[in-house]
Number of protein chains: 2
Amino acid sequence: MNTVLKMTAKRQLFLMSSSAVHGYEYLQHAEQDLSNYFKKNNVSKVLFVPYALADYDRYTEKVGTVLKRWGFDCEGVHSKPDPVAAVREAQAIYIGGGNTFLLLKTLYDRGLVEPIRDRVLNHSVPYVGSSAGTNVATKSIRTTNDMPIVYPPSFDALALVPFNINPHYLDPEVGGTHKGETREERILQFHEQNEAPVLGLREGSTLLVDGEKATLIGTRKARLFRQGKEPEEFEAGADLSFLMKL
Amino acid sequence: MNTVLKMTAKRQLFLMSSSAVHGYEYLQHAEQDLSNYFKKNNVSKVLFVPYALADYDRYTEKVGTVLKRWGFDCEGVHSKPDPVAAVREAQAIYIGGGNTFLLLKTLYDRGLVEPIRDRVLNHSVPYVGSSAGTNVATKSIRTTNDMPIVYPPSFDALALVPFNINPHYLDPEVGGTHKGETREERILQFHEQNEAPVLGLREGSTLLVDGEKATLIGTRKARLFRQGKEPEEFEAGADLSFLMKL
């Protein structure tokens, strides 16, 4: 990562655990908060990055239909002749979920990692991520839940925040008979090899970042894992800005 | 992979979905089949590879205690001054579960991928894997369930069989509220990017390979995924040798 962060710029991030939440239509759980986020940042058109799924057109159509209903235009980066130029001109960048390995590999293959990082960190272009799009916004994809279906040139990601997130965070099943590792056990194994804190975002939760201020929003608590410490629960509305100053 | 496979050698593989199974003590579900496998192959001492977990001594002790109770000696490869020589001299090689990325990276770092492949394919040294140890026995680790906590130099694995396995295979939860991808959805995404068949081995199942013959053993059915085809279920006892001839 060679981008020099100008400390005067204020990054704007909206990092969702997931786009689908039980009991809601697609993206509906975030309608009010995400609409407000776009309006506050004077966004009328969103550049959507569909690289985490195989069918770019269909995925962009799915997300764009919802955003248009809310009053925002949406274009897929894959429909632009020059994706890097499209990123440089975007009012807002929204990276959707799917497979995190496929997503990060495609961002590297198309030379988009540095341009996105530059726009968000140095030019305050609002960023939206859900699931895999939230994974790639963090320090690395080392806490994704996805299957490694392709081999990216690195697990280092956009590093828009200096820690990791585990989206779709899942509590251990009470009385479960499955013997595969629980999510918490997997994150503990991560901390045997890595120092970065991991924020476990349950479905329905979003981390909202405004410059150096980070706030948990949505309907659920979040679980924070730090190397050598007991995991901690934070209520919706909690100020998590301390994670930005690592 | 530079090893030339001598077609006269008969590979011997015992690939377990998991070492822990609901309702059994550690490894107990495999006691009879694994003991018979060792006896048939004249194995009295097993070289255990504990690289998938952080605490090698403790892990080797845990597995060794069970094997000794069954009448087999067990040594950890990490306790040997020269791991490559230890692999060359081993009567049998047993790679335990844990984190698949950590396991494969360590096998590459210590130069053990080619030596293990050579011993198993060209010298019929019996191989035992469970979970991550089963993942690395296959074509690649691209169908592991684990978190990518470290970055291996490749996802290509030992390729002792020409297909992939998904251990701890899990059926979709009926009436579940979690919106993360099901295991089947993840494997379908794998097949959007890769051709290799994927054998979903439920906990309690083992794939037993004798040369070109592959048999499903244990207590559960297995689910086979092939690119562009409907998934198929196979009963315990099924002959899966057709997978060896890809």
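Convention: sequence-line order gives letters A, B, ...; per-chain numbering from 1. Just so it is clear, the model here is predicted, and its values are computed rather than measured.
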Please determine which of B:Tyr127, B:Phe14, B:Tyr94 meets the ring-ring contact (aromatic ring centres under 6.0 Å, His included) test together with B:Tyr37.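 Exactly one candidate clears the test, B:Phe14.
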
Which one of [options] has the most heavy-atom pairs closer than 4.5 Å to chain A?
options: B:Ser19, B:Ser18, B:Pro152; value: B:Pro152
options: B:Arg183, B:Glu192, B:Lys179; value: B:Lys179
options: B:Phe101, B:Phe190, B:Phe155; value: B:Phe155
options: B:Gln193, B:Glu181, B:His191; value: B:Gln193
options: B:Glu185, B:Arg186, B:Glu203; value: B:Glu203

Counting heavy-atom pairs under 4.5 Å to chain B, which of A:Asn164, A:Val21, A:Leu170, A:Thr100 comes out on top?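 Among A:Asn164, A:Val21, A:Leu170, A:Thr100, the one with the most close pairs to chain B is A:Leu170.
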
Using a 4.5 angstrom heavy-atom cutoff, name the option from A:Ala20, A:Gly23, A:Gly97, A:Ser131 with the most pairs to chain B. A:Ala20

Under 3.5 Å, is there a donor-acceptor pair between the side chain of [X] and the main chain of [Y]?
X: A:Arg117; Y: A:Ala159; answer: yes
X: B:Asn166; Y: B:Thr143; answer: yes
X: B:Ser17; Y: B:Ser205; answer: no
X: B:Gln28; Y: B:Glu25; answer: yes
X: A:Asn135; Y: A:Ser140; answer: no
X: B:Asn194; Y: A:Ile149; answer: yes

What part of [X] gets closer than 4.5 Å to chain A, counting heavy atoms only: side chain, backbone, both or neither?
X: B:Ser154; result: backbone
X: B:Asp146; result: both
X: B:Leu102; result: side chain
X: B:Pro167; result: neither
X: B:Gln189; result: both
X: B:Thr144; result: both

Any salt bridge between A:Arg226 and A:Glu195, counting N to O under 4.0 Å? no

Note: A:Asp171-A:Arg202 ion pair, threshold 4.0 Å (strictly below):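 So A:Asp171 pairs with A:Arg202 through a salt bridge.
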
Let me know if A:Asn145 has heavy atoms under 4.5 Å from chain B in its side chain, its backbone, both or neither. both

Heavy-atom cut-off 4.5 Å, strictly under: side chain, backbone, both or neither for A:Leu53 against chain B?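 Contact with chain B is through the side chain of A:Leu53 alone.
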
What do the steps show when you test A:Phe163 against A:Phe225 for side chain to side chain contact (heavy atoms under 4.5 Å, CB included), and what is the final call? CA-CA 11 Å; A:Phe163 54 90; A:Phe225 299 85; over 6 Å; no

